[in-house]
Amino acid sequence: QARQFLERYRLAIQSLAMMDSKMPGYDTVHDYRTINRIASKGSSSVWLCEQSGSTEQDNYFALKIMSTSGIDDPIERESFRRGIESLFLLKKDGIDVGPDYITHYEIPLLLVMEIINGSSAKVFRENVDALEVRDVLTLFLNLCRSVLRCHRSDGAVLHRDLKPSNIILENWYPGYDVDDAITSPVRLINFDLSWHRFTTGNTKAISAEDIGFYAPEQKPKANGSLPRTALTDVYMLGMMFYYLLAGESPPDGGGRLGNWGDIVKSSVRSATQGLVLRNRLMRLVLSMSESSPDDRPDLDSVTASLEGMRYWLDYDVKAINPDYLVEYLSLTTGRGVSWNEDNLSASIEANQTTVFELRYSQRGSRVEIRFIRRRSDSDNRANFGKRMNEKLASSANLLREIGWEVDKNSNLGITGSCRTNVIAENLTQHATTFRRIADSLLGPIE
């Protein structure tokens with residue numbers, strides 16, 4: 001019926017959708033008079049408008065209207081209407097993340113909404129030469145929390161178009177301080193690609209611009225069910241994280257590129273000096289930008305990771321995650337480290353006959369150490385047992401001096417543990433000790 005109606009009254013509807021603020025007769029639609037065009041892209045345009053006859057002091061709104069080119073496309077119409085529905089659902093729940101829904105009309109298809117004053121994340125990043133990693137974390141955490149509010153709404157609204165031009169730092173403008181930006185509310189605009197739990201149908205094609213921000217599952221021409229999960233937003237947020245860190249858009253292909261890990265590593269290395277934070281940032285960006293949605297973390301986990309990074313950066317002893325201590329001590333050895341996220345353990349690289357591990361034990365909130373070294377072909381057979389025994393005894397004593405409980409296992413290795421609060425309160429001393437015992441235990445025996 002809708003198709004038949006649109007076909008029958010095609011010319012009339014197209015005429016209604018024609019807008020020009022400078023031409024009488026085309027500058028007014030329903031009760032709203034257009035003042036000037038704010039943006040025009042694809043199948044719609046956005047206008048600054050005022051309500052005719054209103055005596056309200058704050059009488060300016062944004063009017064988004066479907067253009068004549070989009071009216072004939074059912075998928076474009078459904079997507080435009082879905083954007084209206086998403087904003088309506090958010091307003092119904094009192095969630096002020098998107099523009100405040102005012103009203104909408106079916107003929108011509110248009111939405112009247114709040115004007116959000118401020119600048120896009122794109123304008124912000126282009127006007128800030130260098131960002132401190134603390135500011136990046138705060139900005140990105142604010143963004144994730146805004147998106148999470150949409151996901152947790154009664155309509156379970158997914159944005160699905162999270163890129164710099166669609167993210168607004170409210171009331172921030174070029175020339176303002178970065179501090180003003182990180183305290184600004186983060187608002188989202190352009191909900192045409194959004195999805196919510198009450199809708200069905202097809203989603204329109206993604207924009208040809210900023211294509212590196214979109215998840216792999218969004219790119220097939222016929223979208224299936226996968227793009228309609230919160231994990232699609234997680235992917236786009238991961239690319240936004242990269243954008244804030246690197247100051248440049250992610251390449252097309254993103255997580256599917258063979259050198260994506262190297263690209264992320266390079267951008268993170270430039271953004272921060274701390275080894276633990278650098279590793280955590282890199283792992284988070286890479287996990288969020290996994291090609292398969294099932295391999296990405298949920299948004300709650302992402303926000304928890306970001307909060308943990310801020311505690312570490314500020315070195316808030318009472319709030320710091322104990323596994324950060326494990327990773328930090330392992331990295332102070334100066335060797336390569338393999339981190340296991342599942343059991344919060346670090347394996348320090350050594351030859352094949354050596355095991356050097358640190359792990360967090362929730363029981364008693366302790367860091368545990370396990371070191372075993374057997375003779376390798378490069379070790380002196382005659383002196384190995386005696387010299388290894390001396391190294392183990394010396395290392396065990398050094399650890400005991402700083403609060404560790406250590407057991408020496410004959411001349412093969414040592415095991416032990418220390419409470420995390422003891423380590424946190426004397427982290428520099430522990431780091432120095434671990435570098436010393438690593439040099440001793442992993443050094444050659446001639």
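Source: prediction; values computed, not measured.
- The shortest side-chain heavy-atom distance between Asp300 and Arg152 falls under the 4.5 Å cut-off.
- With respect to the salt-bridge test (charged N to carboxylate O, under 4.0 angstrom), the residues Arg419 and Glu405 do not qualify.
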Q: For the pair Tyr242 and Trp260, evaluate ring pair (Phe, Tyr, Trp, His ring centres under 6.0 Å) and give the outcome as yes or no after the intermediate values.
A: CA-CA 11 Å; Tyr242 171 86; Trp260 176 236; 5.3 Å; yes
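- A salt bridge is defined here as a Lys NZ or Arg NE, NH1 or NH2 lying under 4.0 Å from an Asp or Glu carboxylate O, and Arg149 with Asp96 meets this definition.
- For the atom pair CG (Leu193) and OG (Ser79), the distance works out to 6.5 Å, reported to the nearest 0.5 Å.
- Taking 4.5 Å as the limit, some side-chain heavy atom of Arg125 sits within range of a side-chain heavy atom of Leu131.
- A pairwise comparison of heavy atoms in Tyr243 and Lys122 identifies OH-CA, 3.4 Å as the closest pair.
- In this structure the side chain of Ile115 reaches within 4.5 angstrom of the side chain of Leu48, judged on heavy atoms.
- Residue Ser417 forms a side chain to side chain donor-acceptor pair (under 3.5 Å) with just one option from Glu368, Arg370, Arg366, and that option is Arg366.
- Between Trp404 and His430, the ring planes are tilted. Angles from 30° to 60° get that label.
- The aromatic rings of Phe198 and His196 lie tilted to each other, with the angle between the two planes from 30° to 60°.
- At a threshold of 4.5 Å between non-hydrogen side-chain atoms, the residues Met236 and Phe213 count as touching.
- In this structure, Glu76 and Ser43 have side chains that are in contact, with non-hydrogen atoms separated by less than 4.5 Å.
- By the 4.0 Å N-to-carboxylate-O rule, Arg280 lies close enough to Asp323 to be salt-bridged with it.
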Q: For Arg359 and Ser345, run side-chain hydrogen bond (donor to acceptor under 3.5 Å, both in side chains): C-alpha distance rounded to whole Å, both residues' side-chain angles, the deciding distance at 0.1 Å, then the answer.
A: CA-CA 4 Å; Arg359 66 181 296 271; Ser345 67; 5.9 Å; no
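- Ring geometry for Tyr315 versus Trp312: interplanar angle over 60°, hence perpendicular rather than tilted (30 to 60°).
- With a 4.5 Å cut-off on side-chain heavy atoms, Asn171 and Ser184 do not count as touching.
- Using a 4.5 Å heavy-atom threshold, the side chains of Leu398 and Arg436 count as touching.
- The minimum heavy-atom distance between Cys144 and Leu306, with the atom names listed, is SG-CD1, 4.0 Å.
- A heavy-atom distance below 4.5 Å is not found between the side chains of Val46 and Leu63.
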